[in-house]
Amino acid sequence: MPQSLSKILIHMTFSTKDRVRAIAYPEVRQALNAYAGGILRNLKCPSIIVGSVTDHMHILYLQARTVSTSEVAEAVKKETSRWIKDQKPEVRDPYLVKFAWQNGYAAFSVSESNVEAVKAYIERQEEHHKRMTFQEEYRGFLVKHGVAFDEQYVWD
């Protein structure tokens, strides 16, 4: 019987709208990461690691053969945004009442030999962002991966 087989690892990242530091509480981030992992599992795109900091999220996951990268981004952003708003955050944080993710995202292929390095990178986000903004990080990824971009259209 013929089979279609693949193993495509993706590192995806996107920020909050206008880089608002809306995911301020560690316990909210931890629950958000777990929720995003569940969304990915439902898409048959199991996460290897999901990590977020105050203004953005990184995801390393296995791309399903039957789901596009843009469908993954749309589902994760839409469903996590709804989840955040349903948590009644207005009691603690007025930013979360109007929570939104940026319109775009970045996604890069990851070789099997780099999985551990990307996992470690995502795990160290808080430490990493003491030295670098999300915008600097994002630009760096685009340059490193040879992605042509127009600064005017990268941020929303």
Side-chain angles (χ1 to χ4, degrees), residues 9-43 45 47-63 67-110 114-156:
L9 297 158
I10 302 291
H11 176 193
M12 179 180 288
T13 188
F14 46 85
S15 77
T16 58
K17 181 105 174 137
D18 299 320
R19 267 83 37 227
V20 171
R21 296 183 169 284
I23 318 167
Y25 298 100
E27 64 275 12
V28 172
R29 287 196 299 272
Q30 190 173 32
L32 172 66
N33 297 343
Y35 191 77
I39 295 163
L40 290 158
R41 196 170 33 260
N42 290 340
L43 292 169
C45 294
S47 64
I48 296 165
I49 186 170
V50 178
S52 57
V53 290
T54 59
D55 67 348
H56 68 282
M57 177 177 275
H58 287 267
I59 304 168
L60 177 60
Y61 71 95
L62 186 60
Q63 182 75 48
V67 180
S68 72
T69 305
S70 63
E71 289 171 321
V72 170
E74 179 182 4
V76 170
K77 289 163 61 175
K78 181 176 164 183
E79 293 181 37
T80 56
S81 183
R82 184 179 304 131
W83 178 86
I84 285 174
K85 291 173 184 175
D86 287 346
Q87 297 308 300
K88 305 287 185 242
E90 64 273 7
V91 175
R92 294 184 1 204
D93 194 335
Y95 281 122
L96 292 184
V97 176
K98 298 176 186 172
F99 182 85
W101 294 110
Q102 74 175 109
N103 288 325
Y105 65 91
F108 308 101
S109 60
V110 175
N114 278 334
V115 168
E116 290 306 315
V118 174
K119 270 178 65 175
Y121 180 83
I122 293 171
E123 288 170 343
R124 293 190 311 267
Q125 281 295 292
E126 295 229 20
E127 174 187 320
H128 177 73
H129 286 290
K130 291 177 182 173
R131 301 181 309 275
M132 179 183 287
T133 67
F134 173 74
Q135 290 97 320
E136 292 166 332
E137 175 185 55
Y138 198 85
R139 278 187 209 99
F141 278 130
L142 296 175
V143 169
K144 176 182 176 182
H145 290 278
V147 177
F149 65 98
D150 183 336
E151 187 81 23
Q152 177 179 351
Y153 300 107
V154 172
W155 315 114
D156 62 353

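All values below were derived from every heavy atom in this structure, side-chain atoms included, with hydrogens, water molecules and symmetry-related copies excluded. Remember, it's a predicted structure, so these values are computed and weren't measured experimentally.
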Regarding Asp55 and Ser15, is there a side-chain donor-to-acceptor distance under 3.5 Å anywhere?
no
In this structure, NZ of Lys130 is separated from NE2 of His128 (nearest 0.5 Å) by 12.5 Å
Going by atom types only, do His56 and Gln125 share a side-chain donor-acceptor pair under 3.5 Å?
yes
Which heavy-atom pair separates Ala24 from Thr54 by the least distance, and what is that distance?
CA-CG2, 4.1 Å
Steps toward side chain to side chain contact (heavy atoms under 4.5 Å, CB included) verdict (Leu142, Phe108)
CA-CA 9 Å; Leu142 296 175; Phe108 308 101; 4.1 Å; yes
Closest heavy-atom contact between Cys45 and Val72?
SG-CG2, 3.8 Å
Rounded to the nearest 0.5 Å, how far apart are CG of Asn33 and NE2 of His58?
11.0 Å
Which distance, rounded to the nearest 0.5 Å, do you find between the CG of Asn42 and the CG of Leu40?
9.0 Å
Reported OG1-to-CD1 distance for the pair Thr16 and Ile84, which is rounded to 0.5 angstrom:
9.5 Å
Between Ile10 and Ser109, what is the shortest heavy-atom contact and its length?
CD1-CA, 4.5 Å
Taken to the nearest 0.5 Å, the spacing of Thr80 OG1 from Lys85 NZ works out to 10.0 Å
With no hydrogens and no angle check, is any side-chain donor or acceptor of Tyr138 less than 3.5 Å from a backbone partner on Tyr105?
yes
Does the side chain to side chain contact (heavy atoms under 4.5 Å, CB included) test come out yes or no for Tyr61 and Ile48, once each step is laid out?
CA-CA 5 Å; Tyr61 71 95; Ile48 296 165; 5.8 Å; no
Aromatic ring centroids of Tyr121 and Phe141 under 6.0 Å?
yes
Please name the pair of heavy atoms, one in Ser81 and one in Ala100, separated by the smallest distance, quoted to 0.1 Å.
OG-CA, 4.4 Å
Can Phe99 and Ile23 be said to form a side chain to side chain contact (heavy atoms under 4.5 Å, CB included), step by step?
CA-CA 9 Å; Phe99 182 85; Ile23 318 167; 4.0 Å; yes
If every non-hydrogen atom of Met57 is compared with every non-hydrogen atom of Thr13, which pair is closest and at what distance?
O-OG1, 2.9 Å
Quickly, which of Gln102, Arg21, Arg139 forms a side-chain contact (heavy atoms from CB on, under 4.5 Å) with Phe134? Name it, please.
Gln102
Decide if atom NZ of Lys17 counts as having more than 12 heavy atoms of other residues, nucleotides or ligands within a radius under 6.0 Å.
yes
Quick one: does NZ or CZ of Lys77 land under 6.0 Å from the six-membered ring centre of Phe14, within 45 degrees of the ring axis?
yes
Determine whether more than 12 heavy atoms belonging to other residues, nucleotides or ligands lie under 6.0 Å from atom CD of Glu74.
no
Compare every heavy atom of Val67 with every heavy atom of Leu43, then report the nearest pair and how far apart it is.
O-CG2, 3.6 Å
Given side chain to side chain contact (heavy atoms under 4.5 Å, CB included), test Ile122 with His11 step by step and report yes or no.
CA-CA 10 Å; Ile122 293 171; His11 176 193; 4.1 Å; yes
For Gln30, I'd like to know if atom CD has over 12 heavy atoms of other residues, nucleotides or ligands within 6.0 Å.
no
Reported NE2-to-CD distance for the pair His129 and Glu136, which is rounded to 0.5 angstrom
9.5 Å
